Protein chains: 2
Amino acid sequence: MVQSVERALEILECIAHAGGAAHLNEIARETRLKPTTAHNILKTLHALGYVRRREKNTRYYLGDRILNLARVAGNDSGLRRTLRPALEAMAEQTGETVFVAVPSGDEVYFLDAIESLKPLKAASQEGQRTPMVGSAIGLLFLAHIPSLRRRMLGPHADRIGPSIDAEIDATAERGYALDQENYLPGLNCVAVPWIDDGEVRAGFGLSGPTRRLPLETLTELAETMSGIVARI
Amino acid sequence: MVQSVERALEILECIAHAGGAAHLNEIARETRLKPTTAHNILKTLHALGYVRRREKNTRYYLGDRILNLARVAGNDSGLRRTLRPALEAMAEQTGETVFVAVPSGDEVYFLDAIESLKPLKAASQEGQRTPMVGSAIGLLFLAHIPSLRRRMLGPHADRIGPSIDAEIDATAERGYALDQENYLPGLNCVAVPWIDDGEVRAGFGLSGPTRRLPLETLTELAETMSGIVARI
DNA sequence: ATAAAAAGTTCAGCCATATTGAACTTCGAA
DNA sequence: TTCGAAGTTCAATATGGCTGAACTTTTTAT
């Protein structure tokens with residue numbers, strides 16, 4: 001492991017996590033680097049265009065050059081377009097709030113969503129991010145992407161939550177993920193994977209009030225959703 | 001400058017440049033690194049999720065984690081939506097092929113375009129990339145973004161083309177960029193900047209056959225386009 | 001407006017760390 | 001199956017990055 005590479009990327013993620021802009025000391029604290037070291041790396045990132053600064057304040061911003069890589073690495077809008085019909089089918093057939101999410105580093109990113117039309121409904125989280133641990137959709141990714149699981153949990157899985165490892169195993173076993181009021185009391189979720197070219201590229205989720213979605217209903221919905229996904 | 005950070009990013013750009021996948025030796029050759037060094041850095045990038053590998057072959061691919069940063073750094077679709085009306089106005093008022101482009105690292109990226117309806121027209125380059133040097137739109141960015149100019153040309157500007165420095169100065173002076181058959185014989189272009197919050201975020205370009213677009217017409221078009229941009 | 005505090009930047013020396021080449025293993029073409 | 005090419009590991013070494021102290025700039029408080 002090349003130390004400074006790891007640190008540089010940690011700094012970039014740190015700025016991203018702070019919403020795209022951060023102060024040197026903020027970054028240094030967050031990454032547990034000495035301010036001087038953080039400064040050195042930021043200077044490099046700045047010189048290369050991956051980080052920028054504005055006249056007004058002393059913050060460090062993420063630079064456009066990152067988009068250079070992203071445009072090749074993958075394109076969200078293409079993916080969204082591909083999956084939209086399936087999402088619409090799910091919304092129609094289930095009547096609940098449904099969404100598409102992708103693993104984005106150590107977090108889950110909500111790519112697209114359709115809200116239920118019912119008076120009591122789960123909110124769309126389109127454009128938001130959520131930690132991997134603690135949601136059905138995150139569980140889904142952890143269960144299907146071994147490298148992610150290794151990176152996130154490693155040997156000290158228990159620190160995050162007891163039984164988390166067992167939960168992931170159960171999810172992997174049954175193929176889809178369930179969340180019964182873990183993410184939020186009163187809210188239940190199911191999530192099924194979209195597997196393309198042998199790997200999980202995205203996940204479809206459905207959430208709604210517990211009263212409408214008992215365990216039995218959730219498992220039925222998982223079947224319905226899997227059926228739709230299979231036809232993509 | 002932290003050397004290994006620079007190298008790591010150069011490697012990522014190298015993979016991106018190769019279309020998203022590359023062999024170790026390819027990367028090592030391109031970046032002028034020893035294969036072992038490249039391997040070390042790639043191993044780090046791989047462990048962190050910025051680079052991935054597939055079972056089938058030994059190539060290194062760009063990983064999804066980069067999108068993590070890109071989602072915060074900026075979003076092309078938002079920008080495109082903002083600029084679309086202006087682009088449509090230009091298409092209507094000029095009748096030529098018009099486009100929106102952004103600086104993307106050391107290259108120009110074509111974000112959006114509307115093709116002329118005339119029988120002889122410039123092609124849309126939407127989604128493509130082009131070097132900074134050699135096009136009106138690139139000239140525009142070089143003239144308006146000092147840091148970019150420094151990075152691209154540095155002290156040895158003459159190596160790239162004679163008089164390139166003079167051309168950039170002239171572009172900066174008049175505010176918009178011109179290309180008379182430099183990019184392609186028979187093709188003329190104008191490009192005007194969109195300045196937001198004190199900095200160039202994108203550029204609007206127009207191109208068409210030389211016969212329809214003599215110098216005088218080009219300067220008039222620059223006025224027209226600037227007027228439209230000012231109203232964004 | 002001024003001063004004090006906080007934040008950011010520069011620098012030179014030292015030691016940890018990345019680099020290196022050589023040896024080894026795996027992959028892929030013939 | 002063989003052979004050449006591509007990828008990976010390892011230990012030694014020198015390089016390059018880290019560090020703290022001193023300095024400058026920016027921000028906040030009075």
Side-chain angles (χ1 to χ4, degrees), chain A residues 1-63 146-147 150-151 197-199, chain B residues 1-63 146-147 150-151 197-199:
Chain A
M1 280 277 234
V2 179
Q3 190 186 52
S4 25
V5 170
E6 191 176 359
R7 291 176 165 182
L9 291 165
E10 200 183 344
I11 285 177
L12 286 175
E13 294 263 359
C14 173
I15 300 175
H17 204 81
H23 283 282
L24 174 63
N25 283 327
E26 231 174 299
I27 295 168
R29 198 178 335 111
E30 199 71 29
T31 56
R32 286 127 148 270
L33 293 174
K34 305 264 182 270
T36 314
T37 305
H39 177 255
N40 265 342
I41 294 172
L42 280 163
K43 209 166 127 187
T44 305
L45 293 172
H46 182 245
L48 298 171
Y50 294 91
V51 152
R52 56 206 307 234
R53 315 196 65 178
R54 307 213 175 171
E55 298 293 328
K56 307 297 171 88
N57 56 44
T58 61
R59 264 187 263 260
Y60 289 86
Y61 294 78
L62 284 185
S147 60
R150 240 176 287 126
R151 195 170 70 229
D197 196 19
E199 65 187 319
Chain B
M1 280 279 235
V2 178
Q3 189 185 57
S4 24
V5 171
E6 192 176 358
R7 290 176 166 184
L9 291 165
E10 200 184 344
I11 285 177
L12 285 175
E13 294 263 358
C14 172
I15 299 175
H17 204 81
H23 282 282
L24 174 63
N25 283 327
E26 233 174 299
I27 296 168
R29 196 178 336 111
E30 199 70 29
T31 56
R32 288 127 148 268
L33 293 173
K34 304 265 182 269
T36 315
T37 305
H39 177 253
N40 265 342
I41 295 172
L42 280 163
K43 209 166 128 190
T44 306
L45 293 172
H46 182 246
L48 298 170
Y50 294 91
V51 153
R52 58 207 307 236
R53 316 196 64 177
R54 309 212 174 172
E55 299 292 329
K56 309 295 172 91
N57 56 44
T58 61
R59 265 187 261 259
Y60 288 87
Y61 293 78
L62 284 185
S147 60
R150 239 175 289 125
R151 194 170 70 229
D197 196 19
E199 65 187 319

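In what follows, every chain begins at residue 1, and chains take the letters A, B, ... in the order their sequences are listed. Bear in mind the structure is a predicted one, so any value in this text is a computation, not a measurement.
- Checking the phosphate oxygens (OP1, OP2) of C:dT20, a side-chain nitrogen or oxygen of B:T37 falls inside 4.0 Å.
- With distances taken from any side-chain atom of B:K34 to the nucleotides C:dA18, C:dT20, D:dT9, the minimum falls on C:dT20.
- For the OP1/OP2 pair of C:dG8 and a distance below 4.0 Å, the side-chain nitrogens and oxygens of A:H39 include no atom meeting the criterion.
- Under 4.0 angstrom from either OP1 or OP2 of C:dC27 there lies no side-chain N or O belonging to B:R53.
- At a threshold of 4.5 Å between non-hydrogen side-chain atoms, the residues A:T58 and A:R53 count as touching.
- At D:dA5, none of the side-chain N or O atoms of B:N25 fall inside 4.0 Å of OP1 or OP2 (strictly under the cut-off).
- The side chain of A:Q3 sits closest to C:dA18 out of D:dT8, C:dA18, D:dG7.
- One finds no side-chain N or O of A:Y60 lying less than 4.0 angstrom from the OP1 or OP2 phosphate oxygen of C:dA7.
- Direction of the helix axis in the helix from C:dA1-D:dT30 to C:dA30-D:dT1 shifts by 70° between the two five-pair termini, rounded to 10°.
- Closest contact between the side chain of A:T36 and the listed nucleotides D:dA6, D:dG20, C:dG8 involves D:dG20.
- Contact check, A:R7 against D:dC18: a side-chain N or O comes under 4.0 Å of OP1 or OP2.
- Side chain of B:T44 to main chain of A:V2: a donor-acceptor pair is present (N/O by atom type, distance under 3.5 Å, no hydrogens or angles).
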